[in-house]
Amino acid sequence: MTDFEYVLGLGDDALVAAQRLAQWAARAPEMEEDIALANIALDQLGTARLLLTYAGELEGADRTEDDLAYLRDDRDFHNCLLVELPEQDFAVTMAKLLFLSAYQKPLYDRLADSGDERLSAIAAKARKESAYHLDHASLWTVRLGDGTDESHRRMQDAVDRLWPYTHELFEGEHADLRAQWLATVEAVLADATLTRPADGGWTPGGGRQGLHTEHLSYLLAEMQVVHRAHPGARW
Amino acid sequence: MTDFEYVLGLGDDALVAAQRLAQWAARAPEMEEDIALANIALDQLGTARLLLTYAGELEGADRTEDDLAYLRDDRDFHNCLLVELPEQDFAVTMAKLLFLSAYQKPLYDRLADSGDERLSAIAAKARKESAYHLDHASLWTVRLGDGTDESHRRMQDAVDRLWPYTHELFEGEHADLRAQWLATVEAVLADATLTRPADGGWTPGGGRQGLHTEHLSYLLAEMQVVHRAHPGARW
Amino acid sequence: DHLQGYFEAIIEADQKVEPRDWMPDDYRRSLVRQIAQHAHSEIIGMQPEGNWITRAPSLKRKAILLAKVQDEAGHGLYLYAAAETLGVSRDELVELLLSGRQKYSSIFNYPTLTWADVGAIGWLVDGAAIVNQVPLCRCSYGPYARAMIRICKEESFHQRQGFEILHTLAHGTPAQREMAQDAVNRWWYPSLAMFGPPDSDSTHSERSMAWKIKRFSNDELRQRFVDMCVQQASVLTLSLPDPDLRWNAEREHYDFTQPDFDELMQVVKGNGPCNRQRIEHRRRAHSEGAWVREAAAAYAAKRAVREPAGV
Amino acid sequence: DHLQGYFEAIIEADQKVEPRDWMPDDYRRSLVRQIAQHAHSEIIGMQPEGNWITRAPSLKRKAILLAKVQDEAGHGLYLYAAAETLGVSRDELVELLLSGRQKYSSIFNYPTLTWADVGAIGWLVDGAAIVNQVPLCRCSYGPYARAMIRICKEESFHQRQGFEILHTLAHGTPAQREMAQDAVNRWWYPSLAMFGPPDSDSTHSERSMAWKIKRFSNDELRQRFVDMCVQQASVLTLSLPDPDLRWNAEREHYDFTQPDFDELMQVVKGNGPCNRQRIEHRRRAHSEGAWVREAAAAYAAKRAVREPAGV
C-alpha cells in the first residue's frame, strides 16, 4: 500500500509551492505574468488538495485536506526545502519552478503508471500541468539568461543558489529520476547561456523528515493564522 | 475611574512599537545600534506589560498581559497607526521613534501627575525612558538629516511619509499636547536641516477604534503564532 | 457633416460604433477615460483581495480567491485591449495610472481588515460593479460592450462567491458572524458611493447618456443596488448599517441614507485610508519588474536578429 | 633574549600579559584569531535566537530573549575591543568575518526550528560555552581574561534561563514536552561538537596550553560538559539522545557517544544547514546599513569643522 508520508510529502511540495507563488499576486513584473503565476499556483494548489485528501484517507485518522494543511507545524511538513525558500526575486521564482517542474513531470509520469489507482489518476492530471509549468519556466529561464547583463547575472545567481537544494529531490526511491531531470535542466541552461553549477559540496536536505529551514515556520504562521484562530469553524 | 480602553491603547502603542523595534535584532546598521534598539524595545515592552496588566485589572475580566497581547485580533487593538507601519528603512525607524517619543514623553509627564496612582507610577518610570528615546531619535535624525545627500533624502522622505500619521496621536483628550510635540519636533527637524511637512490634507486615523492598516494583522499573526498554537499552555 | 451624421445614426439605431468608424473626439476621449479607469480599477482591485490569498482559511477558499484575483488581472487586460482600439497604448495608460493622472475606483482605497472583507467585497463591491456594468454591455462602443459581457459573466460568479463566504460566516460561530457583520458595516457606504456623486452633481453623466455610453443615472443605479441588497441581506441574516432603511410603498423602492459624498470626494482626491499604499504598491511592482521586462525585450530583439521572420 | 624571557616569566608565574607588554608574534596571532572567532560567534549567534524574538510565546519570555540577544551584541563588542588591544581594528575583523576568512562557532549553523530551540540553546549551547570559557577567565592575556569574567557571568544567567524554558516546557502540555525533547535531541550532538575535534586531532591546542591561553584539552572539557548535563537532564525529566550514555564508576565519569566529527568538519567547511544564510544575513545587514554609517561619519566630520575641539 502507498505510504501516507510519501503522499503527504508530494502534497506538501505542491501546497508550499502554491503558497510561495501566490505571494506574487498583484506584484508580478507584467500583467500577463500575474495571470500565468496565478495559473501555476492554482495547479499546484489543486494537486495539493487531491494529494492531501488522499493522504488523509491513507492515514485513516479522518484528517481532511484542511486539517493537514492548517493544523500541522513545520516539523510535521514533509516538503522538500526547495519549495519553502523565499522568492523575492523573479529569477529565483523561475529557477525554483524550472527545478521543481522538471522533477514533478517525470515523477508524475511514473506515478500515473503506478498500481495505485487514486495516485495514478491524480498524477495523470498533474503531469499535464507540470509540462506547462516546465515550458513556462524554461521560456523565462532562457529569456532571462539570454536577455540583458543584469538578467543574466540574476538568473545565474538564482540557479547557483538553488542548485544545492535539488539534490534532496532525488533522495531514496526517486534517485533514478535525476538523469532525466539533468537532461531537461541542462538543455534549458545551455539554451539560456547559463553555467550548470557543479555538484557536490553542500547538499542540504531533511525536509522529507520534517527538518526544514527557518523560513517554513513563517510561511505556515501566515497561511494558518485565520484557520487556527477559529478552532472547529467551517469556511 | 481610568478607562480600560484608554490604558489598553497606551499599552498597545508600546507593545506594537516594541515588536517593530525587535525586528531589528541582529540587523541594525552598526553593533552599538543593535544594542540601543534592543534597549528601546525592552523599555517599550516593559511599559506595555505594566499597562496591559493594569488594563486587565481595570476591565475586571481576569485577562492577563498575555491574554491581552496574544489573544486579541487587530480589530481589538487600540494602538495608533504610526507604530504599526512597517520599518525596513532605518530612517523610517528613527522618524517613527522621534514622533512617538516626542509624544510619549509629555503624555507620561502628564500621567505621572494624574490622580490614578497606578498609572502615575507606570508613567513616572516610563517618562525617563521616553526622554532617552527622544534623545536617541533626535541624535539620529540630525545625523541623517545633516549627513550625506542620500541620508538627507531618506530622512526627509521618512518624515514626509509618517507626518500624516502623527495627527492621530492628538485626537480627543490629548489635543493640547500637540503644541509641545510640535515645539520639540520642529526644533529637531530644523537642526537636521529637514523641512517640516505641511499639516492638513491626509490625516489617517482609526487605530484607537480598532480600524488599522493592513499591516497590523500580519504583525500580530507572527507575534501570536506560538502562543495561539498551544491554547492554555504556560511558558 | 457626413461623418457626424453617420455616427449619430449608429447611436440612434442602437448599433455599435467600431474602431474603424469615425467618432467625435470627445466621444473617443470620454471612452478612453472611462475604459482606462475601469481597467486601472481591476488592476488596483487585485490588492485588497490579494491581501488575503496567503491567509485564506481553507484550501478551497484559497483556490477560489486566487482564481478571482487572477480574473481581475484578466479583466484588466481585456479592458486595456479595448482602450487600445481607440488609439492609446497600454503602456501610456499604465503610466497615467502610476503618475496619478488617471484614477481608479475609490472603493479600493479602503483596507481589507479581516477574512470577512473578502466576502463583503464579493457581495457588495462586485454587486455594485455588476449593477453599474450590466448596462455597459449595451454601450454604444462595440469593443467595450463586448468586453463588458465577458466581464459581467465572471463578476456575477464572483458576487455569488462573496455571498457564499458571508453566508457561511453568518451561519458559523459567533466570532465568524461578528466578523461578517463588521465587514458589511464597513463596506456598505463605500459601496453606495461607488455609483458616484448624486445626479445633481454629476459632471460627465448627461453627455455619456446621450452617447449611450451610460444608460442610467448614478442615482437610478444606486437605488437598484440598494433594493437588491436588502433582499439578499435578509437571506444572509445580516443587517445593513442604516437605521433609516425602509420600504417606501409609494416609490416601490427602499428609502436609504445616502453615503457621505464629502468623504467620497476626499478619497477621490487621494485622502482615503489606502490611496498611497495602493499606488505605491503598483509602482513598486512596476519598477521591481523593469529588469524582467527589459530582459524579455532584449531577448526578443536577439531572436529577431538570429531567426528572421519566416525561417 | 630578554623580552622573550620576561614574557615566559609572566606566563610561568600565572601573571597577566598586558597590551603594552612584548609578546611573541605567534602568541599575538593566536590570540587575535581566537578572540576574533569568539567575537564573531557572539555576533552571528544573535541570529538563531533572534529568529524567535518576534514570536516568543509570552511577553516575559520575549523580554528575556530580547535582553539575551542584546547581551550577545554586548559580548561581541567587549571581545572586539579586547582584540583591538592586540593591534587589529574591529573593521578589519568584521571584514574577515564577512569575507569568510575568519570563522565563527559552527554551532550557529544549525537552524532554530521551534520555540524550544531557544531553551535548548540556552541550556546546552550556553552551557557548553561556559564550560569552554570559565577557564579562559584565567587566560594569560589580561584584556581577554577580564572580558571573559564579565561574559561568563552573563552566560550563566542565560544558561539558567534556557534551563527554565525547557523545564517549563517539559512540565507543560504533551505538545510542549515533545517540543522540548525534540529540541534537546537536535542540539545535543552539535553542542558536544562545540569542544572541537578530539585531542588526538586538535591542531592548535598544545601551544595554547603552554601559553596558558587554554587550560584544558577539548576532550577534558567535553567530558566535564557531559557530566554536568546528565545531572541537569534528570531534573528536566528530558532524555539525552545517546543510548550508550552511562556512568562509569572506574573513570568516575559518564561514558558517552562522541559527536560525528566528520559532520563537524563539513559544517566548519561551510556545508552546515545555515552557513550561507548566516553569513548572507550578516552581509546584508552590513551593506544595508552602509548609508547610515556613512551619514554618521559625514555628520561627525561636519561637526568637527563647525565646532573645533575645545569650543
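Worth saying up front: this structure is predicted, and the values here are computed from it rather than measured. Numbered from 1 within each chain, the chains take letters A, B, ... in sequence-line order.
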Minimum-distance pair of heavy atoms, taken over all atoms of [X] and [Y]:
| X | Y | result |
| --- | --- | --- |
| V292(C) | P29(A) | CB-CB, 3.7 Å |
| A63(C) | L42(A) | O-CD2, 3.3 Å |
| A22(A) | I53(C) | CB-CG2, 3.7 Å |

Counting heavy-atom pairs under 4.5 angstrom with chain C, the leader among L15(A), L45(A), L37(A), L219(A) is L45(A)
Highest number of heavy-atom pairs under 4.5 Å with chain A among A175(C), A295(C), G76(C), G289(C) belongs to A295(C)
Of the listed L77(C), I165(C), V94(C), I44(C), the one with the largest count of heavy-atom pairs under 4.5 Å with chain A is L77(C)
Under 4.5 Å to a heavy atom of chain C? For A41(A) that would be both
Okay, A28(A) and chain C: the region with an atom under 4.5 Å from a heavy atom over there is backbone
query = Would the number of heavy atoms belonging to other residues, nucleotides or ligands and lying under 6.0 Å from CZ of R75(A) be above 12?
reply = yes
Sorted by chain and number, sequence neighbours left out, ring pair (Phe, Tyr, Trp, His ring centres under 6.0 Å) with F99(A) holds for W163(A), W181(A)
Applying ring pair (Phe, Tyr, Trp, His ring centres under 6.0 Å) to Y6(A) and not counting sequence neighbours gives H174(A)
Taking only distance into account, so ignoring hydrogens and angles, what donor-acceptor contacts under 3.5 Å exist between chain A and chain C?
unit_1, atom_1, unit_2, atom_2, d
Q19(A), OE1, K62(C), NZ, 2.7
Q19(A), NE2, T54(C), O, 2.9
A26(A), O, H281(C), NE2, 2.9
A26(A), O, R282(C), NH1, 3.3
P29(A), O, R293(C), NH1, 2.7
E32(A), OE1, R90(C), NH2, 2.9
E32(A), OE2, R90(C), NH1, 2.8
E32(A), OE2, R90(C), NH2, 3.3
I35(A), O, Q70(C), NE2, 2.9
N39(A), OD1, Q70(C), NE2, 3.4
D66(A), OD1, L59(C), N, 3.0
Y70(A), OH, A56(C), O, 2.6
Y70(A), OH, S58(C), N, 3.3
Y70(A), OH, S58(C), O, 3.3
D146(A), O, K302(C), NZ, 2.9
D146(A), OD1, K302(C), NZ, 3.1
D146(A), OD2, R306(C), NH1, 3.2
D146(A), OD2, R306(C), NH2, 2.9
G147(A), O, K302(C), NZ, 2.9
E222(A), OE2, T54(C), OG1, 2.5
H227(A), ND1, P57(C), O, 2.7
R234(A), O, Q176(C), NE2, 2.8
W235(A), O, R61(C), NE, 2.6
W235(A), O, R61(C), NH2, 3.3

For E5(A), the salt bridge (charged side-chain N to carboxylate O under 4.0 Å, His left out) test, sequence neighbours excluded, returns none
